[in-house]
Amino acid sequence: MCGRFSLATNQVILQEQFEFIIHEEIKYRFNIAPSQDILAVGSNGRNRVGVSMRWGLVPPWSMDLKIGNKLINARAETIDQKPSFRQAFMKKRCLILSDGFFEWKKQDNRKQPYRFIMKDRRPFAFAGLWEQSDIGGEKPLYTCTIITTTANELTKDVHDRMPVILPPDTYDRWLDKDFQDMDTLHSFLSPYEANLMDAYPVSNIVNSPRNDNEKCIQPLNSL
């Protein structure tokens, strides 16, 4: 699964790399947790657009905001079979930007958190789905989920699942709501190349979502 990640990269770098427009300031986040607002990038048919969305997808047929707590992730293997995700997979795909994600490894009687990043330290994009609901206020509520797949050689030592990380050459097709070649879309949902990634242990302060500071992403041996 993917239950915690970070996005502590300068906004200018993010906009240059992912080529999107946004009309708000992107704040540094070191320990993003479910039910919080996160940065997603979609397409309006002309441009890529950054939008703040609540992490935890609320299907359009549900009026229960709490259902999103159970839908923070969508399994790649069954994504076009589940009613909660099927329509979004067809038409409402997005990029969820990150510069690292956390998983916990069982060690004796405790769990050690690890942070997974790119070897070049650049930000990357999870494959995401989004939905729009009319619950919870006067404005539409935008919610999203992160797609997960089987672990690669790097992550499997810590967890048997990992978020789908999209290569840049897939972004345009992934964001194009009119592109519905299911075989091609499914081919994007594979484990990312392990040799392009790195990992290191971090402090257990990341265990609490109340902690959202730079110490959450620092290597354990540097604290």
Side-chain angles (χ1 to χ4, degrees), residues 1-9 14 17-18 29-42 50-51 53-57 68-80 82 84-85 88-89 92-105 111 113-131 143-171 173-175 185-202 206-207 209 216-217:
M1 64 177 294
C2 178
R4 211 72 67 79
F5 67 97
S6 63
L7 184 60
T9 299
L14 291 175
Q17 181 173 332
F18 297 98
R29 299 292 309 281
F30 302 95
N31 188 15
I32 302 171
S35 79
Q36 296 178 352
D37 287 344
I38 63 178
L39 174 63
V41 174
V51 180
M53 296 188 183
R54 181 186 172 99
W55 184 11
L57 188 137
N69 298 333
K70 301 178 181 178
L71 300 177
I72 65 169
N73 291 156
R75 293 176 68 93
E77 297 88 339
T78 57
I79 198 167
D80 57 355
K82 299 293 185 179
S84 298
F85 305 125
F89 184 53
K92 296 177 180 177
R93 301 181 295 267
C94 63
L95 308 177
I96 295 175
L97 305 192
S98 173
D99 51 24
F101 64 93
F102 302 99
E103 292 293 354
W104 281 256
K105 181 178 182 179
K111 291 184 177 181
Y114 281 78
R115 185 172 185 244
F116 293 88
I117 59 174
M118 294 295 118
K119 278 188 176 176
D120 62 10
R121 273 41 181 183
R122 289 171 64 81
F124 49 90
F126 298 136
L129 306 177
W130 66 275
E131 281 289 4
T143 61
C144 61
T145 188
I146 295 172
I147 302 173
T148 67
T149 185
T150 53
N152 62 19
E153 288 299 312
L154 178 68
T155 59
K156 72 178 185 180
D157 185 50
V158 177
H159 200 281
D160 61 356
R161 304 286 297 178
M162 69 177 293
V164 172
I165 298 172
L166 293 172
D169 62 1
T170 66
Y171 294 169
R173 283 186 171 180
W174 183 254
L175 294 177
L185 291 171
H186 275 288
S187 73
F188 297 162
L189 307 182
S190 57
Y192 200 70
E193 292 185 52
N195 65 334
L196 299 179
M197 297 178 63
D198 203 354
Y200 58 86
V202 295
V206 77
N207 294 355
C216 292
I217 66 172

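Computed from a predicted model, the values in this text were never measured in an experiment.
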Please check: side-chain N/O of [X] versus main-chain N/O of [Y], any donor-acceptor pairing under 3.5 Å?
X: Thr145; Y: Leu57; value: no
X: Thr150; Y: Arg161; value: no
X: Tyr192; Y: Pro167; value: no
X: Gln17; Y: Pro123; value: yes
X: Trp55; Y: Ala33; value: no

Just verifying a value: how many Å separate [X] [atom1] and [Y] [atom2], rounded to the nearest 0.5 Å?
X: Ser98; Y: Ile32; atom1: OG; atom2: CD1; result: 7.0 Å
X: Lys156; Y: Glu103; atom1: NZ; atom2: CD; result: 15.5 Å
X: Glu77; Y: His186; atom1: CD; atom2: NE2; result: 10.0 Å
X: Ile147; Y: Leu166; atom1: CD1; atom2: CG; result: 7.5 Å
X: Leu175; Y: Thr170; atom1: CG; atom2: OG1; result: 8.5 Å
X: Arg29; Y: Thr9; atom1: CZ; atom2: OG1; result: 13.5 Å

(message) Working note: Leu189 + Trp174, criterion side-chain contact (heavy atoms from CB on, under 4.5 Å); need CA distance, chi angles, decisive distance, verdict.
(response) CA-CA 10 Å; Leu189 307 182; Trp174 183 254; 3.8 Å; yes
(request) Could you tell me whether Phe102 and His159 have their ring centroids closer than 6.0 angstrom? (result) no
(message) If you apply the rule side-chain contact (heavy atoms from CB on, under 4.5 Å), what do you find for Phe188 with Arg173, and how did you get there?
(response) CA-CA 10 Å; Phe188 297 162; Arg173 283 186 171 180; 4.1 Å; yes
(request) Just do the side-chain contact (heavy atoms from CB on, under 4.5 Å) check on Ile117 and Ile217 with the steps written out, would you? (result) CA-CA 10 Å; Ile117 59 174; Ile217 66 172; over 6 Å; no
Taking all non-hydrogen atoms of both residues, which atom of [X] and which atom of [Y] are closest, and how far apart?
X: Pro163; Y: Cys2; answer: CB-CB, 4.0 Å
X: Pro201; Y: Tyr114; answer: N-CD2, 3.6 Å
X: Ser187; Y: Ser190; answer: O-OG, 3.6 Å
X: Ile96; Y: Cys144; answer: CD1-SG, 4.0 Å
X: Ile79; Y: Ala74; answer: CD1-CB, 4.2 Å
X: Ala76; Y: Thr149; answer: CB-CB, 4.4 Å

(message) I'd like to know whether Ile146 forms a side-chain contact (heavy atoms from CB on, under 4.5 Å) with Phe5, so could you lay out the CA-CA distance, the side-chain angles of the two residues, the decisive distance to 0.1 Å, and finally the verdict.
(response) CA-CA 11 Å; Ile146 295 172; Phe5 67 97; 3.9 Å; yes
(request) Over 60° means perpendicular and under 30° means parallel, so classify the ring planes of Phe101 and Phe124, tilted if in between. (result) perpendicular
(message) I'd like to check the side-chain hydrogen bond (donor to acceptor under 3.5 Å, both in side chains) partners of Lys111; sequence neighbours left out, ordered by chain and number.
(response) none
[X] vs [Y] side-chain heavy atoms within contact, under 4.5 Å:
X: Phe126; Y: Ile165; answer: yes
X: Val158; Y: Phe116; answer: yes
X: Pro209; Y: Arg4; answer: yes
X: Trp104; Y: Val206; answer: yes
X: Asp198; Y: Arg121; answer: yes
X: Leu71; Y: Thr143; answer: no

(message) For Gln36, is the CD atom crowded, meaning more than 12 foreign heavy atoms sit under 6.0 Å from it?
(response) yes
(request) Report, as yes or no, whether the 6.0 Å neighbourhood of atom NZ on Lys105 holds more than 12 heavy atoms from other residues, nucleotides or ligands. (result) yes
(request) Using a strict 4.0 Å threshold on nitrogen-to-oxygen distance, state whether Asp99 and Arg115 make a salt bridge. (result) yes
(request) Determine, step by step, whether Thr148 and Asn73 satisfy the side chain to side chain donor-acceptor pair (under 3.5 Å) criterion, reporting the C-alpha distance in whole Å, the side-chain angles of both residues, the deciding distance to 0.1 Å, and the verdict. (result) CA-CA 6 Å; Thr148 67; Asn73 291 156; 5.3 Å; no
